Asker: 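One structure follows; several queries about it will come next.
All figures in this text were calculated on a predicted structure; none of them were measured in a lab. Throughout, protein chains are lettered first and strands after them, A, B, ... in sequence-line order, and every chain is numbered starting at 1.
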Protein chains: 2
Amino acid sequence: MREFYTITELTREFGISTRTLRFYEDEGLISPVRRGRTRLFRPADRHLVKQILRGKRLGFSIAEIREIVQMYRDPPGEVGQLKQIIAKIEEKRDELRQKRRDIEDTIAELNASEEGCVERLAELGVKG
Amino acid sequence: MREFYTITELTREFGISTRTLRFYEDEGLISPVRRGRTRLFRPADRHLVKQILRGKRLGFSIAEIREIVQMYRDPPGEVGQLKQIIAKIEEKRDELRQKRRDIEDTIAELNASEEGCVERLAELGVKG
DNA sequence: AGCCATAGTTACGTAAAAGTCAATTTTCGA
DNA sequence: TCGAAAATTGACTTTTACGTAACTATGGCT
């Protein structure tokens, strides 16, 4: 596993722009190290980017993604904070389960629509 | 089942504004009938709104949702169009499956984080 | 007739999430 | 060491999905 990635390597790998990665840094989602001014992305940063983009695909806002990636961080040492994090994790998990139900429902309706189309094709004498 | 709903009835049911419903109409997502100028929402319109909001929760843009709700419409009579719709349905279904994988992955990582927190609590002598 | 609630249209405003452009550095291979 | 390629910062612009304001119309109640 490589030690560092340049910014353009990551933009190519993930199909995003440098502007996007700098924006994520401004937003406190990632903190690549620097050699001089130049950003160097460690494997952990790269993984974070993956997680961020996953969150984006699921329709989470930057603020929500910030919350989520904070949950991934090493657990703190204070009991109150730990309990708070656990509570937030439960919350996010519930949201994700809702999204999963939404997906199942949507797929089911798409299946029904597709069947309708296939039947229609059959009526028109098209072999499936 | 009721024949019509007023716009405010739907805003209350779904927790959205009248502006939003009018916006969705402008965008061609819904087409409530009219008595004079006043919109009357049929059960089918209400169901469409549900589908739209489901799409929103999944992070689809208005343009993408427009595509999806077009798939729900009655299949057309032309073979070419039917095949095109089927192809688009496959496409969306693939997207949805990707999102589902994203959800599974995110839940898995949240579970791991939670375990970490719980262990940490145990270390601190907190009873679970 | 007067009033309130609900509905409508038009038009301008805004926050989020980048895109784009310009003007410098910085890095790095020949 | 030099020059192209890659990176940086900063500022301005754009798109999406509505919010908000201002004003008009309509229908029921008293």
Asker: Using a strict threshold of under 4.0 Å (side-chain N to carboxylate O), is an ion pair present between A/D94 and A/R97?
Answerer: yes

Asker: Return the residues of residues 4-30 of chain A meeting this criterion: a heavy atom under 4.0 Å from some atom of DNA chain C. Order them by number, or give none.
Answerer: A/S17, A/R19, A/T20, A/F23, A/Y24

Asker: Note the angle between the end axes of the helix from C/dA1-D/dT30 to C/dA30-D/dT1, five pairs defining each, rounded to 10 degrees.
Answerer: 10°

Asker: If you take any heavy atom closer than 4.0 Å to DNA chain C, which residues from residues 31-42 of chain A end up in contact?
Answerer: A/R35, A/T38

Asker: Do A/I62 and A/Y24 touch side chain to side chain, with heavy atoms closer than 4.5 Å?
Answerer: yes

Asker: So, taking the atom named CZ in B/R37 and the one named CZ in B/R39, what distance separates them when rounded to the nearest 0.5 Å?
Answerer: 10.0 Å

Asker: Considering only NZ, NE, NH1 and NH2 on the basic side and carboxylate oxygens on the acidic side, decide whether B/K50 and A/E109 come within less than 4.0 Å.
Answerer: no

Asker: I want to check something: taking the side chain as every heavy atom from C-beta on, are A/I7 and A/R22 in contact at a cut-off of under 4.5 Å?
Answerer: yes

Asker: Roughly how far apart are A/I103 CD1 and B/R101 CZ, rounded to 0.5 Å?
Answerer: 10.5 Å

Asker: Please list, for nucleotides 27-29 of chain D, all pairs of protein and nucleotide N/O atoms separated by less than 3.5 Å.
Answerer:
none

Asker: Check whether more than 12 heavy atoms from other residues, nucleotides or ligands sit under 6.0 Å from atom CD of B/E123, and answer yes or no.
Answerer: yes

Asker: Within the structure provided, determine whether B/V126 and A/L82 are in side-chain contact (heavy-atom separation under 4.5 Å).
Answerer: no

Asker: Looking at every non-hydrogen atom in both residues, tell me the closest pair between B/T11 and B/T18 and how far apart they are.
Answerer: CG2-N, 3.6 Å

Asker: Checking salt bridge (charged side-chain N to carboxylate O under 4.0 Å, His left out) against A/K88, which of A/E64, A/E95, A/E67 comes through?
Answerer: A/E67

Asker: For the residue pair A/E115 and A/N111, confirm or rule out a side-chain donor-acceptor distance under 3.5 Å.
Answerer: no

Asker: Taking only heavy atoms on the protein side, list every residue of residues 47-69 of chain B lying under 4.0 Å from any atom of DNA chain C, sorted numerically.
Answerer: none

Asker: Can you give the first and last nucleotides of DNA chain C, 5' to 3', that have an atom under 4.0 Å from a heavy atom of chain A?
Answerer: C/dA17 to C/dC28

Asker: Between CZ of B/F41 and CG of B/L48, what distance do you get to the nearest 0.5 Å?
Answerer: 11.0 Å

Asker: Side-chain heavy atoms nearer than 4.5 Å, only ILVMFWY residues, links allowed to pass through others: does that put B/F14 and B/F60 together?
Answerer: yes

Asker: Taking the side chain as every heavy atom from C-beta outward, state whether A/I85 and A/P76 have any atom pair closer than 4.5 Å.
Answerer: yes

Asker: Grab the two heavy atoms, one from A/K56 and one from A/I65, that are nearest each other, plus how far apart they are.
Answerer: N-CD1, 3.7 Å

Asker: Can B/R93 and B/E90 be counted as an ion pair, charged N to O under 4.0 angstrom?
Answerer: yes

Asker: Does A/L110 reach the side chain of B/L96, with side-chain heavy atoms less than 4.5 Å apart?
Answerer: yes

